[in-house]
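Below is one structure, written out as C-alpha cells; comments come after it.
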Amino acid sequence: MLGLRPAELAVYEVLVDSYQLGLDELCPAAGLAEHVVRATLRSLTELGFVHQVEGLHTAVAPDVALAAYFLRREDDLRRERLLAGALQVRYERAAGVRAPADLVEVVHGAEAISRRADQVMRTARHEVRFVDKPPYAKAPTSLHPVEEELLNRGIRFRGIYERRALELHDLRADLEMGLSLGEEARVVAAAPTKMILADSHLGLIPLYSTETTLESAVIVHRSALLDSLGALFAKLWDDAVPLSLPGQPASTEVSIADARLLALLATGLPDRSIAKQLGLSYRTYQRRLHRLMDELGAQTRFQAGLRAAARGASSLLPPQLPE
C-alpha cells in the first residue's frame with residue numbers, strides 16, 4: 001500500500017492517529033518490536049513521512065509526504081519507461097537476426113497459457129484482435145480484467161466469436177459487457193483456430209487442445225507466420241456478421257425484426273429455437289426466413305446473415321440465446 005512495507009505503514013498510521021509519540025509509546029501501539037520500529041522510523045524519515053523533535057516522532061502531514069513521494073515515484077517510472085524502451089529497441093534489433101526456432105515459444109498448461117495470454121494483450125499499444133472459440137484455458141465468468149483495463153485506456157478490441165462460444169451463458173455476459181465498453185464483435189459459423197494478436201508484433205495460438213481442454217499454445221513473435229495470422233483474422237472479420245448491444249439502432253436497409261432474425265441465424269441455433277426467441281409461430285418464421293433468403297439471394301441460413309452484413313446491416317441486433 002502506497003509503496004510502503006507493512007511495518008512502515010503500521011508505524012505511520014499510528015503516528016497519523018496520534019500525531020506525536022515517543023519510542024516507548026510507539027512500539028506497543030504499532031505492535032512491533034523496538035528494533036523493528038527503530039529501523040522503520042529511519043526509513044520513514046528518509047522517505048519524508050516522519051520527523052523527530054526532541055525525542056518525539058511526528059507524522060508529516062499525508063498531503064505533504066505523499067505529494068513528494070508520488071513525485072519521486074513518477075521520476076522512477078519515467079526512468080524505467082525509458083529503460084524499457086531502450087531494451088525493446090535492442091530486443092527488436094536482435095530479433096531481426098534470430099534463428100527461426102526463436103520466433104515461437106511453446107507454453108504448456110492452462111494456468112501458464114492464461115498468464116501468457118494476459119501478457120500478450122498487455123503489450124498492445126493500439127489494438128488487440130482475437131478469435132474466440134472453445135475450449136478455454138480458464139472458464140469465462142466475466143469480462144476479462146485485462147480487456148476491461150485496456151478498453152478503458154482506449155485500446156481497440158476486435159473479437160470474432162465462433163457461434164458455439166455464444167451458446168455459453170457466461171461468455172454471453174462477458175461479450176455484452178465488452179460491447180458496452182467499446183469492443184467490436186462479430187460472429188462466424190466456425191473459426192479455424194483461436195488466436196490473440198497484439199498490434200502486429202505478438203500473437204498467441206493453440207498448439208494442442210481437446211474438445212474440453214487447452215493443453216499447449218504457441219507465442220508467435222514478429223515474423224511471416226504472425227503476418228499470416230493477421231491476414232487470416234482480416235479475412236474472417238470481413239466474412240463475419242457484426243454484433244451489437246440490444247437497443248442500438250438497426251440498419252436502415254433491414255428492419256429491426258429482420259435484423260434480429262438474421263443475427264440469430266448466424267449463431268446456428270435451430271429454427272424452432274429462433275422462432276421461439278422471436279415470438280413467432282414456426283410457420284410464420286419459415287415464411288419470413290424464405291422471404292429474406294430470396295431477397296438476399298442466399299442459399300443457406302448462415303449465408304443470409306453474411307450477405308445482410310455485406311449489404312450494410314452493420315448494426316444487427318445481437319443473438320439472444322435460449323435461457
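If you read the sequence from its start, that first residue is 1, and numbering goes on from there.
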**Request:** Please say whether the positively charged group of Arg129, taken as NZ for Lys or CZ for Arg, lies over the ring of Trp237, i.e. under 6.0 angstrom from the six-membered ring centre and within 45 degrees of the axis.
**Result:** no
**Item:** Side chain proximity check, Lys194 to Leu214, heavy atoms < 4.5 angstrom
**Value:** yes
**Prompt:** So which heavy atom on Glu183 is nearest to which on Leu151, and how close?
**Reply:** N-CD2, 4.0 Å
**Leu87 with Leu82, same ILVMFWY side-chain cluster at under 4.5 Å** = no
**Prompt:** Would you say the side chain of Thr284 lies within less than 4.5 Å of the side chain of Arg287, judging by non-hydrogen atoms?
**Reply:** yes
**Asked** Does any non-hydrogen side-chain atom of His221 lie less than 4.5 Å from one of Glu105?
**Response** yes
**Prompt:** Are Arg153 and Glu149 ion-paired here, with the side-chain N under 4.0 Å from a carboxylate O?
**Reply:** yes
**Asked** Does Lys133 use its side chain to pair, donor to acceptor, with the backbone of Glu162 at less than 3.5 Å?
**Response** no
**Prompt:** Quick one: are Leu21 and His57 in side-chain contact, heavy atoms under 4.5 Å?
**Reply:** no
**Asked** Roughly how far, to the nearest 0.5 Å, is CG of Leu77 from CD of Glu74?
**Response** 7.5 Å
**Item:** Trace of the side chain to side chain contact (heavy atoms under 4.5 Å, CB included) decision for Val106 with His108
**Value:** CA-CA 7 Å; Val106 179; His108 299 286; 3.4 Å; yes
**Pro62 to Val16 - nearest heavy-atom pair and separation** = CG-CG2, 4.4 Å
**Request:** Drop me the distance from Asp227's CG to Leu232's CG, to the nearest 0.5 angstrom.
**Result:** 12.5 Å
**Request:** State whether the side chain of Asp118 and the backbone N or O of Val146 hold a donor-acceptor pair below 3.5 Å, judged by distance alone.
**Result:** no
**Prompt:** Is Asp238 paired with Lys235 through a side-chain N to carboxylate O contact shorter than 4.0 Å?
**Reply:** no
**Request:** Please test Ser18 against Glu25 for side chain to side chain contact (heavy atoms under 4.5 Å, CB included), starting from the C-alpha separation and ending with a verdict.
**Result:** CA-CA 10 Å; Ser18 305; Glu25 300 169 297; over 6 Å; no
**Asked** When hydrophobic residues are tied together by side-chain contacts of less than 4.5 Å, even through go-betweens, does Leu292 share a cluster with Tyr282?
**Response** yes
**Asked** To which residues is Val64 joined in a hydrophobic cluster, defined by side-chain heavy-atom contacts under 4.5 Å among Ile, Leu, Val, Met, Phe, Trp and Tyr, whether direct or through other members?
**Response** Val60
**Request:** To the nearest 0.5 Å, tell me how far Asp199 CG sits from Ile155 CD1.
**Result:** 7.0 Å
**Message:** To the closest 0.5 Å, what do you measure between CZ (Arg288) and CD1 (Ile274)?
**Reply:** 12.0 Å
**Asked** Is the shortest distance from a Lys or Arg side-chain nitrogen in Arg38 or Glu34 to a carboxylate oxygen in the other one below 4.0 Å?
**Response** yes
**Asked** Taking all atoms of both residues into account, what is the closest heavy-atom pair of Leu226 and His201, and its distance?
**Response** CD2-C, 3.4 Å
**Prompt:** Quick one: does Leu26's side chain get under 4.5 Å of Leu15's, heavy atoms only?
**Reply:** yes
**Message:** Strictly distance-based, threshold 3.5 Å: is any side-chain N or O of Thr45 a donor or acceptor partner for the main-chain N or O of Leu41?
**Reply:** yes
**Message:** Could you tell me if the side chain of Leu236 sits less than 4.5 Å from the side chain of Pro192, heavy atoms only?
**Reply:** yes
**Asked** Does a side chain donor of either Thr40 or Glu8 reach within less than 3.5 Å of an acceptor in the other side chain?
**Response** no
**Prompt:** Of the non-hydrogen atoms in Phe157 and Phe130, which two are nearest, and what is the gap between them?
**Reply:** CD2-CE2, 3.8 Å
**Prompt:** What closest approach, in Å, do Ala217 and Leu204 show between heavy atoms, and which atom pair accounts for it?
**Reply:** CB-CD2, 4.1 Å
**Message:** Side chains of Ile219 and Val120, heavy atoms from C-beta outward: is any pair under 4.5 Å?
**Reply:** yes
**Asked** How far does CG of Leu202 sit from CG of Leu197, to the nearest 0.5 angstrom?
**Response** 9.0 Å
**Prompt:** Atom CD of Gln277 and atom OH of Tyr285: how far apart are they, to the nearest 0.5 Å?
**Reply:** 11.5 Å
**Message:** Less than 3.5 Å apart, any donor N or O on the side chain of Gln119 or Arg116 sitting next to an acceptor on the other?
**Reply:** yes
**Prompt:** Does Arg79 reach the side chain of Leu83, with side-chain heavy atoms less than 4.5 Å apart?
**Reply:** no
**Asked** Should Leu56 and Val14 be counted in the same cluster of Ile, Leu, Val, Met, Phe, Trp and Tyr side chains packed under 4.5 Å apart?
**Response** no
**Asked** Does the pair Asn152 and Leu181 meet the rule for a side chain to side chain contact (heavy atoms under 4.5 Å, CB included), with working shown?
**Response** CA-CA 7 Å; Asn152 287 327; Leu181 292 174; 4.0 Å; yes
**Transitive ILVMFWY side-chain link Val11 to Leu23, under 4.5 Å** = yes
